[in-house]
S.K.: 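Have a look at this one before I ask anything.
We use all heavy atoms of the structure for the numbers below, so side chains are in, but hydrogens, waters and symmetry mates are not.
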Amino acid sequence: ADFADIVPISAKKGDGVGALISTIVERLPEGPAYFPKDQLTDVTERFVVAELIREQVFHYLDKELPYATAVEIEEFQEGERVRILARIWVERESQKGIVIGKGGSMLKRIGTSARIEIEKLLQTKVYLKTTVGVSRDWTSRKRSVERLGNFREGQS
């Protein structure tokens, strides 16, 4: 066979993976620019903020909560301090209690961690208020999935 390069790697140890990636990147043709150089993504800040909050939900509740969790940004006001009101949606009342935690401790932990990440993204101070709502079996209803599923057309 006519190979451009041979790069030995070890799947078990991970040896040579960096060299393999470098070799692949060197050979990839440069494609057209689909966005201006200063545009980092094709989604809105609200969408990214919702995903940052959702990420913290999964970080803290990994084994306790199914992935049928969505975040809806209900308010996003820019000013000296960005004010964000977000609702975390779950499918069952019992899941709501898990997200809130004893005395609100889990929701506070999720909100604090998310606020830190959002402030890094927006490069400004953020006031973040999170609440939890139940939308029974929302993943089974097309309308709810479109509204809460964080799809690009139905961005929060």
S.K.: Should I84 and Y127 count as side-chain neighbours, where that means a heavy-atom distance under 4.5 Å?
M.R.: no
S.K.: Under a 4.5 Å cut-off applied to non-hydrogen side-chain atoms, are F76 and V82 in contact?
M.R.: yes
S.K.: Side chains of F47 and E45: does their closest heavy-atom pair fall under 4.5 Å?
M.R.: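 The answer is no; the side chains never approach within 4.5 Å.
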S.K.: Hey, what do you get for OG1 (T131) to CD (E72), rounding to the nearest 0.5 Å?
M.R.: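 Going from the OG1 atom of T131 to the CD atom of E72 covers 9.0 Å.
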S.K.: Side chains of R87 and T130: does their closest heavy-atom pair fall under 4.5 Å?
M.R.: no
S.K.: Treating Q39 as the side-chain partner and T41 as the backbone partner, does any N or O pair qualify as donor plus acceptor under 3.5 Å?
M.R.: yes
S.K.: Please round to the nearest 0.5 Å and tell me the distance separating atom CG of L52 and atom CG of L128.
M.R.: 10.5 Å
S.K.: If you measure from CG on L20 to CG on D15, what distance do you get to the nearest 0.5 Å?
M.R.: 12.5 Å
S.K.: Do T112 and I116 have side chains that get closer than 4.5 Å, going by heavy atoms?
M.R.: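 Side-chain contact under 4.5 Å: yes.
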S.K.: Decide whether L28 and V7 are clustered together by the hydrophobic rule: side chain heavy atoms of Ile, Leu, Val, Met, Phe, Trp, Tyr closer than 4.5 Å, transitively.
M.R.: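 Same cluster: L28 reaches V7 through Ile, Leu, Val, Met, Phe, Trp or Tyr contacts under 4.5 Å.
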S.K.: Report yes if the side chains of I110 and V99 come closer than 4.5 Å at any heavy-atom pair, otherwise no.
M.R.: yes
S.K.: Judged by atom type as modelled, is there a donor-acceptor pair below 3.5 Å linking the side chain of S105 to the main-chain atoms of K102?
M.R.: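 Indeed, once roles are kept as given, a pair shorter than 3.5 Å links the two residues.
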S.K.: Working to the nearest 0.5 angstrom, can you tell me the gap between M106 CE and L61 CG?
M.R.: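 Interatomic distance, M106 CE to L61 CG, rounded to 0.5 Å: 5.0 Å.
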S.K.: How close do Q56 and S113 get, counting heavy atoms only, and between which atoms?
M.R.: OE1-CB, 3.2 Å
S.K.: Could you state the interatomic distance from CD1 (I53) to OG1 (T69), rounded to the nearest 0.5 Å?
M.R.: 13.0 Å
S.K.: Determine, using the 4.5 Å side-chain heavy-atom cutoff (strictly less than), whether L122 and L85 are members of one ILVMFWY cluster.
M.R.: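 The answer is no; the residues belong to distinct hydrophobic clusters.
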S.K.: Same cluster for I98 and V134 if Ile/Leu/Val/Met/Phe/Trp/Tyr side chains link at under 4.5 Å?
M.R.: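 Same cluster.
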S.K.: Could you check whether atom CZ of F35 has more than 12 heavy atoms from other residues, nucleotides or ligands sitting under 6.0 Å from it?
M.R.: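 Yes, because the 6.0 Å sphere around CZ of F35 holds more than 12 heavy atoms from other groups.
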S.K.: Is a side-chain N or O of R136 found less than 3.5 angstrom from the main chain of R92, in a donor-acceptor match?
M.R.: no
S.K.: Could you state the interatomic distance from NZ (K96) to CD (E91), rounded to the nearest 0.5 Å?
M.R.: 15.0 Å
S.K.: Quick one: does E119's side chain have a donor or acceptor within less than 3.5 Å of a partner on V126's backbone?
M.R.: yes
S.K.: Between the side chains of E93 and Q95, is a donor N or O closer than 3.5 angstrom to an acceptor N or O?
M.R.: no
